[in-house]
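To keep things clear, I will list the structure first and then write my remarks on it.
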Amino acid sequence: QVQLVESGGGLVQPGGSLRLSCAASGSIFRINAMGWYRQAPGKQRELVARITNGGSTNYADSVNGRFTISRDNAKNTVHLLMNSLKPEDTAVYYCNAEVAPAPLSILNNYWGQGTQVTVSS
């Protein structure tokens, strides 16, 4: 079993910054990609940013240039630095990881419990 625990959400004013962190633990042999998704009320969950174990990144157009994803492979952690936050960034943010729990096993998809980010004055 694999657990993903997020931290760092909260309330911030427009134009402010927040840093989200996610730590993976449990039965982990290898983590492929890690990422952040978000879901606003009444909307579908969407990809925010993703990073491979080699460091390649991709971002949603709406956050490109404002958000930066990074990871520490030795610690099985992924971070999301969010700058110039806008009210439309308000959502529950979920950490995601593609994990192989053992050698030769397939990759399984795991999710964190979510952390609320609210951008409001």
Side-chain angles (χ1 to χ4, degrees):
Q1 191 72 356
V2 174
Q3 297 81 39
L4 301 180
V5 178
E6 301 121 334
S7 60
L11 173 65
V12 64
Q13 291 187 342
S17 299
L18 280 176
R19 185 174 186 257
L20 305 182
S21 295
C22 173
S25 62
S27 300
I28 298 172
F29 173 73
R30 177 175 61 89
I31 300 179
N32 188 29
M34 301 185 80
W36 291 94
Y37 291 70
R38 67 186 181 187
Q39 188 168 18
K43 295 188 177 181
Q44 289 189 331
R45 190 173 297 188
E46 63 176 1
L47 173 68
V48 176
R50 184 175 183 270
I51 184 169
T52 69
N53 55 7
S56 297
T57 59
N58 63 287
Y59 296 91
D61 289 344
S62 59
V63 307
N64 201 16
R66 299 188 297 123
F67 291 10
T68 302
I69 190 170
S70 61
R71 66 187 282 177
D72 184 332
N73 291 334
K75 297 181 179 179
N76 292 333
T77 56
V78 63
H79 308 282
L80 185 68
L81 177 60
M82 304 184 293
N83 294 323
S84 303
L85 282 161
K86 304 175 181 180
E88 50 264 44
D89 294 317
T90 295
V92 178
Y93 284 69
Y94 296 91
C95 176
N96 173 266
E98 300 168 2
V99 180
L104 303 180
S105 66
I106 62 172
L107 290 170
N108 295 320
N109 214 20
Y110 293 92
W111 294 91
Q113 79 284 357
T115 185
Q116 177 71 45
V117 171
T118 302
V119 185
S120 175
S121 54

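Position 1 is the first residue of the sequence; numbering continues from there. Any value given below was found using the heavy atoms of this structure, including those in side chains, with hydrogens, waters and symmetry copies removed. These numbers were taken from a predicted model, which means no experiment stands behind them.
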**Study point:** Same apolar cluster (I L V M F W Y, side chains within < 4.5 Å links), Val12/Leu20
**Key:** yes
Check your understanding: In terms of ring plane angle, is the pair Tyr37 and Trp111 parallel, tilted or perpendicular, where the classes change at 30° and 60°?
Key -> perpendicular
Check your understanding: Under a 4.0 Å N-O cut-off, is there an ion pair linking Glu98 with Arg50?
Key -> yes
Point to revise | From OG (Ser25) to CD (Gln1), nearest 0.5 Å | key: 10.0 Å
Point to revise | Evaluation steps, side chain to side chain contact (heavy atoms under 4.5 Å, CB included), between Phe67 and Ile69 | key: CA-CA 7 Å; Phe67 291 10; Ile69 190 170; over 6 Å; no
Review point. For Arg66 and Met82, what are the C-alpha separation, side-chain angles and deciding distance, and is it a side chain to side chain contact (heavy atoms under 4.5 Å, CB included)?
Key: CA-CA 6 Å; Arg66 299 188 297 123; Met82 304 184 293; over 6 Å; no
Review point. More than 12 non-hydrogen atoms from neighbouring residues, nucleotides or ligands closer than 6.0 Å to CD on Glu88, yes or no?
Key: yes
Revision key, fill the gap. OG1 of Thr115 to OH of Tyr94, rounded to nearest 0.5 Å, is 10.0 Å
Check your understanding: Under the side chain to side chain contact (heavy atoms under 4.5 Å, CB included) criterion, do Val117 and Asp89 qualify, and how do the steps go?
Key -> CA-CA 8 Å; Val117 171; Asp89 294 317; 5.5 Å; no
Check your understanding: Which atoms form the tightest heavy-atom contact between Val5 and Gln113, and what is the distance?
Key -> CA-OE1, 4.0 Å
Exercise for review: Determine whether Glu6 and Tyr93 make a side-chain contact, defined as any pair of heavy atoms from C-beta on separated by less than 4.5 Å.
Suggested key: no
Check your understanding: side-chain hydrogen bond (donor to acceptor under 3.5 Å, both in side chains) with Asn108: which residues, sequence neighbours excluded?
Key -> none
Review point. If you take all heavy atoms of Ser121 and Pro14, which pair is closest and at what distance?
Key: N-CD, 3.7 Å
Review point. About how many Å separate OG of Ser70 and CE of Met34, when rounded to the nearest 0.5 Å?
Key: 10.5 Å
Practice item. Is it possible for you to say whether Tyr110 and Ile28 belong to one hydrophobic cluster, with membership spreading through side-chain heavy-atom contacts below 4.5 Å? Key: yes
Review point. So, do Leu107 and Arg30 sit near enough that their side-chain heavy atoms are less than 4.5 Å apart?
Key: yes
Point to revise | Val119 backbone acceptor or donor facing Thr90 side chain under 3.5 Å | key: yes
Review point. Where do Pro101 and Val99 come nearest, in terms of heavy atoms and distance?
Key: CD-O, 3.6 Å
Revision key, fill the gap. In short, Ser84 meets Ser17 closest at the heavy-atom pair N-OG, 4.4 Å
Practice item. Test side chain to side chain contact (heavy atoms under 4.5 Å, CB included) on Leu85 and Gln13 and set out the steps. Key: CA-CA 8 Å; Leu85 282 161; Gln13 291 187 342; over 6 Å; no
Check your understanding: Between Leu80 and Arg38, is any pair of side-chain heavy atoms under 4.5 Å apart?
Key -> no
**Study point:** Heavy-atom pair with the smallest gap, counting every atom of Leu4 and Ala97
**Key:** CD1-N, 3.8 Å
Check your understanding: Could you state the interatomic distance from CG (Leu11) to OG1 (Thr118), rounded to the nearest 0.5 Å?
Key -> 6.0 Å
Review point. Which heavy atom in Cys95 sits nearest to a heavy atom in Val78, and how many Å separate them?
Key: SG-CG1, 3.8 Å
Check your understanding: So do Ile31 and Asn53 actually touch side chain to side chain, heavy atoms under 4.5 Å?
Key -> no
Check your understanding: Are Val63 and Leu81 connected in the hydrophobic side-chain network, where two residues link if heavy atoms are under 4.5 Å apart?
Key -> no
Point to revise | All side-chain contact (heavy atoms from CB on, under 4.5 Å) counterparts of Ser21, not counting sequence neighbours | key: Ser7, Arg19, His79
Practice item. Report the residue from Thr57, Asn58, Thr68 that forms a side-chain contact (heavy atoms from CB on, under 4.5 Å) with Ile51. Key: Thr57
